[in-house]
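Reviewing the structure listed below.
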Amino acid sequence: LITDVRLRRILDSRGNPTVEADVLTESGGFGRAAAPSGASTGEYEAVERPPTEAIAAAREHAVPRLVGEAYAGNQREVDAILHAADGTDDFSEIGANSAVAISMAAAKAGADVLGAPLFQHLGGTFRGQNFPVPLGNVVGGGEHAADATDIQEFLVAPVGAPSVEDAVFANAAAHAAVADLLEERDVPSGKGDEGAWAPSIDDSEAFEIVEEAVSRVEDEVGFEVRFGLDVAAAEMYDADSETYEYESAGESRDTAEQIAYIADLVSEYDLVYVEDPLDENDYDAFADLTDEVDEETLVCGDDLFVTNTERLQEGIDRGAANSILIKPNQIGTLTDAFDAIELAGANGYESVVSHRSGETEDATIAHLAVATDVPYVKTGAVGGERTAKLNELIRIADDAT
Ligand code: PGA
Ligand code: ZN
């Protein structure tokens, strides 16, 4: 039984405040979790409130309904209480940041009471056999860095890695190889919010560099390494002109041209993954692109679906995308995230569990990815808030095998 829920403001990786929750139980269980935060957020995400307001509202409405009332291990009950306490359909009262921090902290307290690892509490006793391939962000721009690539993320996918540890190190090697290639070309570079290199180059040069970096790493590690993209196209879409604006390249594409361009990139670079290649309101364009590419390529909806089962159902009905990005803070609770993964799986869609650009050392998503047996997890390549998840995956694999 939950005996206390403590909420506080802590720092995220951008230096912004975010919400951390502690959940304590009668039998001595303890769970702590923190909300991440996006920069290229989807229009339809649950509402993140300023942490001070989110904390005050959650203390007033949610905490009294949980303390002495709910069991931390009963995730559906905890999350239903969060929804009831909030009373809106987008968590605009207590804030999705307070909601997700409490939801994840309750899960950890539940696992603690059971004495089980979090992935096992969430996924059951047979989980931990398969590990997701981490997608490592090595070059990017968009909303995550000023004056860099138009495409938000170039993501290395070590698909042939024999273990999650090999995969994690392959991504770090690709990140280092990109640094070498930038130096060889005399291109200076800082890093974006997720730790990817953020040089002032256009996308075509980034493709050359990432393709070369991936092939160098492949030679070094001896297994297959591919790559993919998060285009985050909603951020480049201009609804008035109905065009996608590539500012650093000085190019503009209408929807048909954007679909053809992405399909060409998929075949030219043998991409395994393309996230948000089209605007978040354009299910039809997503459906056209999904028809056009090989079904082995994941066309993933992030801003399109925002981890929301209603939006996902619409996509399933219209054949838009073939996979969904899962970010618990986009929807507010672990239960909602699980329901989205379940709906996806029942309809032949894959799920990809993801971090946000603003992160903390919280590693819940590593456990969520293992618990739900997803093929990929997106959690960066380097940087403490990113390695928190990657190192947790290595530990889970070490404990489970
Ligand atoms: P965000 O970006 O966390 O800034 O929204 C990540 C993404 O678009 O996948
Ligand atoms: Zn995205």
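Basis for what follows: all heavy atoms, side chains included, without hydrogens, waters or symmetry-related copies. We count ligands from 1, going down the list as the structure has it; atoms in each ligand are counted the same way.
Nearest to the Zn ion (ligand 2), among the N, O or S atoms that E275 has, is OE2. The atom name of the N/O/S atom in D230 closest to the Zn ion (ligand 2) is OD2. The name of the N, O or S atom in D302 nearest to the Zn ion (ligand 2) is OD2.
None of N308, D303, D302, D336 except one satisfies the side-chain hydrogen bond (donor to acceptor under 3.5 Å, both in side chains) rule with Q330; the exception is D302.
From the protein, the heavy atom lying nearest to atom 3 (O) of ligand 1 is S357 N, 2.8 Å. For atom 5 (O) of ligand 1, the closest non-hydrogen atom on the protein side is R356 NH2, 2.7 Å. For atom 8 (O) of ligand 1, the closest non-hydrogen atom on the protein side is Q152 NE2, 3.0 Å.
Between S354 and ligand 1, not a single N/O pair is under 3.5 Å apart. Considering backbone and side-chain atoms alike, R14 places every N or O at 3.5 Å or more from each N or O of ligand 1. Residue contacts with ligand 1: H144 is placed with a nitrogen or oxygen under 3.5 Å of a nitrogen or oxygen of the ligand (distance criterion only).
Judged purely by atom type and a 3.5 angstrom limit, D12 has no side-chain atom pairing as donor or acceptor with the backbone of T360.
If you number the atoms of ligand 1 from 1 as listed, the ones under 4.0 Å from a heavy atom of G38 come out as 1 (P), 3 (O), 4 (O), 5 (O). Contact atoms of ligand 1 toward D230: 7 (C), 8 (O), 9 (O) (distance under 4.0 Å to a heavy atom of the residue). Of all the atoms in ligand 1, the ones that sit under 4.0 Å from a non-hydrogen atom of D302 are 7 (C), 8 (O), 9 (O). Residue-ligand proximity, K327 to ligand 1, at heavy-atom distances under 4.0 Å covers atoms 5 (O), 6 (C), 7 (C), 8 (O), 9 (O). Against a heavy-atom cut-off of under 4.0 Å, S40 is close to the following atoms of ligand 1: 1 (P), 2 (O), 4 (O), 5 (O), 8 (O). Heavy-atom contacts of A39 reach the following atoms of ligand 1: 1 (P), 4 (O), 5 (O) (cutoff under 4.0 Å). Of all atoms in ligand 1, listed by their number and element, those nearer than 4.0 Å to a heavy atom of E194 are 6 (C). Those atoms of ligand 1 with a heavy atom of E153 less than 4.0 angstrom away are 6 (C), 7 (C), 9 (O).
Within a 6.0 Å radius of CD in E247, other residues, nucleotides and ligands contribute 12 heavy atoms or fewer. No more than 12 heavy atoms of other residues, nucleotides or ligands sit less than 6.0 Å from atom OH of Y71. In this structure, E53 places its CD atom where more than 12 heavy-atom neighbours from other residues, nucleotides or ligands lie under 6.0 Å away. In the displayed structure, Q313 atom CD is contacted under 6.0 Å by more than 12 heavy atoms of other residues, nucleotides or ligands. Few gaps surround CZ on R253; more than 12 heavy atoms of other groups in view lie less than 6.0 Å from it. At most 12 heavy atoms of other shown residues, nucleotides or ligands fall within 6.0 angstrom of atom CD in E296.
In this structure, the ring of F154 has its center no less than 6.0 angstrom from the ring center of Y269.
Residues passing the ring-ring contact (aromatic ring centres under 6.0 Å, His included) test with F305, sequence neighbours excluded: none.
Using a 4.0 Å cut-off between charged side-chain N and carboxylate O, R32 and E20 make a salt bridge.
Of all the heavy atoms of E275, the ones lying under 4.0 Å from any atom of ligand 1 belong exclusively to the side chain.
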